[in-house]
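Index from 1, following the sequence.
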Amino acid sequence: MPRKLATVLLAVAFVSGCGGEPGFTATLTDPVNVDLSWPDDDPNVAGRIVEYTTDPRGEYTILRFVPPRQTTYRHPDLMPETRFYYRIRPFYGAVSDAVTVSGPPAPAASGPAVSLRTPGGSAAPASFRAEPAPEGMVRFSWTDHSTDEDGFLVEIKKSGAAEFVPVEVSDPGTTSAGLASMPGEEGASYRLRAFYYGPASPVLDRTTGKAPA
């Protein structure tokens, strides 16, 4: 599971929970596992956010930022006999050039900061850089070149991987982040996305069964 992403909490208003957008499903595949699925129906999406709560009037927890073509997620090993509420949200945004640790930074910004809704990539983070830090960390820095981001996502592409996947989220207006380097990430490429949220789906709810004997 991505490191920081699983702990971010977002305050939301309650959405009545029995329906769902066409194609978004939540299936209790056994007493303590829920499988979520949704259609790959938006060619412009940068990815999706999978969220859950057990209190529909409280806060949702982000389970995962997933890459754009992923259409399933399993929420495993859940508390028995508990009602879980799920929703998904698309996100969009502009992404920096890819860099490697200690490699040259992405190009510097030119012109004033602009909205992420501006066509093209002019709102992408600029001067993105990845540098080694103590205790096996990688330190990222950048120039914020957008005026209306909901946050920033560090995305990684490991050697031999087919695509970038999100691994770290930072608050809007920030210009640095740190990430613990994990085995298998040597020689990886990184990029940074300034993102904004699309509309949330209606909420689906499922109640887990009794604990397995």
Side-chain angles (χ1 to χ4, degrees), residues 1-93 150-158 161-171 177 179-180 182-185 193 195-213:
M1 178 177 292
R3 273 80 90 182
K4 185 178 176 182
L5 301 186
T7 63
V8 177
L9 296 179
L10 299 173
V12 297
F14 172 62
V15 181
S16 181
C18 293
E21 64 183 6
F24 177 39
T25 65
T27 304
L28 187 67
T29 53
D30 60 49
V32 292
N33 291 291
V34 172
D35 284 345
L36 306 174
S37 67
W38 55 89
D40 181 11
D41 58 358
D42 186 346
N44 299 314
V45 72
R48 291 177 175 84
I49 307 163
V50 183
E51 302 173 302
Y52 88 99
T53 186
T54 56
D55 177 5
R57 299 185 183 276
E59 295 177 326
Y60 275 74
T61 297
I62 294 177
L63 289 168
R64 185 69 61 95
F65 281 74
V66 301
R69 306 284 75 86
Q70 182 172 331
T71 59
T72 61
Y73 181 81
R74 168 167 282 197
H75 195 195
D77 304 322
L78 303 175
M79 184 181 300
E81 300 180 80
T82 304
R83 194 173 187 179
F84 290 83
Y85 299 82
Y86 296 96
R87 68 179 193 176
I88 58 172
R89 289 197 287 172
F91 63 88
Y92 306 87
D150 287 321
F152 295 94
L153 284 174
V154 176
E155 301 177 351
I156 186 173
K157 184 179 180 183
K158 298 179 184 179
E163 62 182 3
F164 283 86
V165 295
V167 288
E168 182 76 0
V169 64
S170 293
D171 293 333
L179 182 70
M182 306 294 285
E185 293 180 353
R193 184 180 302 277
F195 73 91
Y196 64 94
Y197 296 115
S201 72
V203 174
L204 300 178
D205 62 87
R206 294 295 178 267
T207 301
T208 53
K210 294 182 180 296

### Residues which pass side-chain contact (heavy atoms from CB on, under 4.5 Å) with Pro31, listed by chain and number, not counting sequence neighbours
none
### Minimum heavy-atom distance Leu28-Thr207, with the two atoms named
CD2-O, 3.3 Å
#### Entry: Under the salt bridge (Lys or Arg N to Asp or Glu O under 4.0 Å) test, residues paired with Asp42 that sit two or more places apart
none
### Query
Measuring from Glu168:CD to Leu153:CG, what's the distance to the nearest 0.5 Å?
9.5 Å
#### Entry: Which atom of Pro199 lies closest to which atom of Pro90, heavy atoms considered
O-CD, 3.2 Å
### Task
Go through Tyr85 and Thr54 one step at a time and tell me if the side-chain contact (heavy atoms from CB on, under 4.5 Å) criterion holds.
CA-CA 6 Å; Tyr85 299 82; Thr54 56; 5.7 Å; no
### Task
For Ser37, check side chain to side chain donor-acceptor pair (under 3.5 Å) against everything at least two apart and list the hits.
Thr25
### Query
OG1/Thr208 to CG/Asp77 distance, rounded to the nearest 0.5 angstrom?
11.5 Å
### Task
Please report the shortest heavy-atom distance between Pro67 and Val165, naming the atom on each side.
CG-CG1, 3.9 Å
### Task
Indicate yes or no: at least one non-hydrogen side-chain atom of Val203 is less than 4.5 angstrom from one of Tyr86.
no
### Task
Name all residues meeting the side-chain contact (heavy atoms from CB on, under 4.5 Å) criterion together with Val66; count only those two or more places apart in sequence or in a different chain, and write none if there are none.
Trp38, Arg48, Val50, Arg64, Gln70
### Rounded distance [0.5 Å steps], CZ in Phe91 versus CZ in Arg193
6.5 Å
## Note on the structure
In this structure, OH of Tyr60 is separated from CZ of Arg87 (nearest 0.5 Å) by 6.0 Å
### Task
Working to the nearest 0.5 Å, report the span between CZ of Phe84 and CG of Asp205.
12.0 Å
### Query
Which pair of non-hydrogen atoms, one from Pro68 and one from Ala46, has the smallest distance, and what is that distance?
CD-O, 3.3 Å
### Task
Could I get the full list of salt bridge (Lys or Arg N to Asp or Glu O under 4.0 Å) partners for Asp30, not counting sequence neighbours?
none
### Message
Check the orientation of His75 and Tyr52. Use parallel for under 30°, tilted for 30 to 60°, and perpendicular for over 60°.
### Response
tilted
### Task
Apply the side chain to side chain contact (heavy atoms under 4.5 Å, CB included) test between Arg74 and each candidate in Val34, Asn33, Leu63, Leu36; give the one that qualifies.
Asn33
### Query
Quick one: side-chain contact (heavy atoms from CB on, under 4.5 Å) partners of Ala161, sequence neighbours excluded?
Lys157, Lys158
#### Entry: Approximate separation, where rounding is to 0.5 Å, of Asp150 CG and Tyr196 OH
10.0 Å
## Note on the structure
Shortest non-hydrogen pair, Leu204 vs Ala26, comes out as CD1-N, 3.5 Å
### Task
Grab the two heavy atoms, one from Pro39 and one from Phe24, that are nearest each other, plus how far apart they are.
CD-N, 4.2 Å
